[in-house]
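Working notes, beginning with the structure itself.
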There are 2 protein chains.
Amino acid sequence: MNTKDRILQAALALYNQEGIRSVTTRHIATAMGISPGNLHYHFKHTEDIIQALFGQLTASYDQIVQDIAQHSIQTIEELHQYIDSSFHLIETYRFIFINFVELASWIPSIREAYQQLISKREKEFSHLFNNLAHNGVFRTDISSTLQNRLVRQLFLISDFWISANELTDQLRGEEALAVYREDVLSIFVPYLN
Amino acid sequence: MNTKDRILQAALALYNQEGIRSVTTRHIATAMGISPGNLHYHFKHTEDIIQALFGQLTASYDQIVQDIAQHSIQTIEELHQYIDSSFHLIETYRFIFINFVELASWIPSIREAYQQLISKREKEFSHLFNNLAHNGVFRTDISSTLQNRLVRQLFLISDFWISANELTDQLRGEEALAVYREDVLSIFVPYLN
DNA sequence: TCAAATTTAGAACAATTGTTCTAAAATCAA
DNA sequence: TTGATTTTAGAACAATTGTTCTAAATTTGA
């Protein structure tokens, strides 16, 4: 792996572990055994590192969305699989979700990229709902305003479940995934057939 | 108002407006026209300021809970009133909710105080549910595991709605309150009679 | 009123941070 | 091989930050 990617890797690990507050470019450099000068040769500004990591996140998310579009979700098992893979993504880029608001106000391009992500997800979710309704998993008498509220709830869980978990139970790995899955599904429960 | 309280007031305003990342003790001092030395005479460390503000938050919340305990919620209108006053509290201490995880890991006493807040809220919510069920507003066939999930959803909304709003619509004032109210109530909708 | 306690201003300090600069080392391309 | 390009190390810089220190001003209380 080249230095640029190694920097991103080291930065991600440190941001996730120590939090963006205490991690500096010097920390990242010393953690991976290179000089600060070298780090700033590859990333002139600290924001550039975070911006690149956010780019990785959106790229991975795009991949998931694309996979769904090709092979659309029709059963509960497939829904589980989707939930699992999106949770994995959130966990991988924990620090972004934990500091989302701060990052968005600090780095404008992140706010813009998030807006695009949102509209992509909105389409994806309404697609998902329609699919599940069409296959009889879901009730068909759900109004569009209600569907909108469900989407809002799903967004809230996707974006902030990891923060809530950090404040309360601090579950990790499989245990965390199980509860996350349950929490996401509990939104659907009242509307299942 | 004495200097100590004025510092807290100025700090709260700045943290809410600029975010904890860019606000320093010097900023707070110059914003209110006192010297840095004076500020640190009243609050030796920056954490002490944030800790005091968090104390204000929990104290205000305790007040709300106490009011409810005395005059318990039985109608939808009273539920609205409760939602409104808790939203007001969240909005007043925005920065805490926006940086909750970071603050909790930075200042251990905040994490501890939050744990206590959580258990207080859990009791309060189950009380609320039972009241509403008893008064026929709510269905009575809701299992305790389901109730637990509802509580989790309510916590997620209470603690992170303001963050989600910041990332997306950035609603303010009355408009924000209206949507918040709607989002909280939409959790109850499937279980109303 | 006057001495003691409290509050305040502002200089000063040490540590840290993001970033730049320079020169050396490594890699590449012909 | 050799000359150019890229990568790297590490010193250096300027700005900032939290905090401390000292002395002056203000308030308090008897």
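Sequence lines set the chain letters: A, B, ... in the order given, protein chains first and strands last, and positions in each chain run from 1.
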Are A:Arg181 and A:Leu177 close enough that some pair of their side-chain heavy atoms sits under 4.5 Å apart?
yes

First of B:Arg6 and B:Arg26 reached from the 5' end of DNA chain C, by closest nucleotide:
B:Arg6

With respect to the phosphate group of D:dT7, does any side-chain polar atom (N or O) of A:Tyr41 fall under 4.0 Å of OP1 or OP2?
yes

Which nucleotide in the set C:dA9, D:dG10, C:dG18 lies at the smallest distance from any side-chain heavy atom of B:Ser35?
C:dA9

Tell me whether the OP1 or OP2 atom of D:dT8 has a side-chain N or O from A:His42 closer than 4.0 Å.
yes

Between B:Thr25 and D:dT19, is there a side-chain N or O to OP1/OP2 distance below 4.0 Å?
no

Check every atom of C:dT19, D:dA9, D:dT20 against the side chain of A:Ile34 and return the nucleotide holding the closest atom.
D:dA9

Can you confirm whether A:Glu122 sits close enough to A:Phe155 that some side-chain heavy atom of one is under 4.5 Å from a side-chain heavy atom of the other?
yes

OP1 or OP2 of D:dG18 less than 4.0 angstrom from a side-chain nitrogen or oxygen of B:His45, does that happen here?
no

With side chains defined as the heavy atoms from C-beta onward, is the minimum distance between A:Asp159 and B:Phe160 less than 4.5 Å?
no

Which nucleotide, D:dT17, C:dT17, C:dT7, lies nearest any side-chain atom of B:His27?
D:dT17

Any heavy-atom pair between the side chains of A:Ile49 and A:Leu39 that's under 4.5 Å?
yes

State which of D:dT17, C:dT8, D:dT7 makes the closest approach to the side chain of A:Asn38.
D:dT7

Selection from D:dT8, D:dT19, C:dG18 that lies nearest to any side-chain heavy atom of A:Thr3
D:dT8

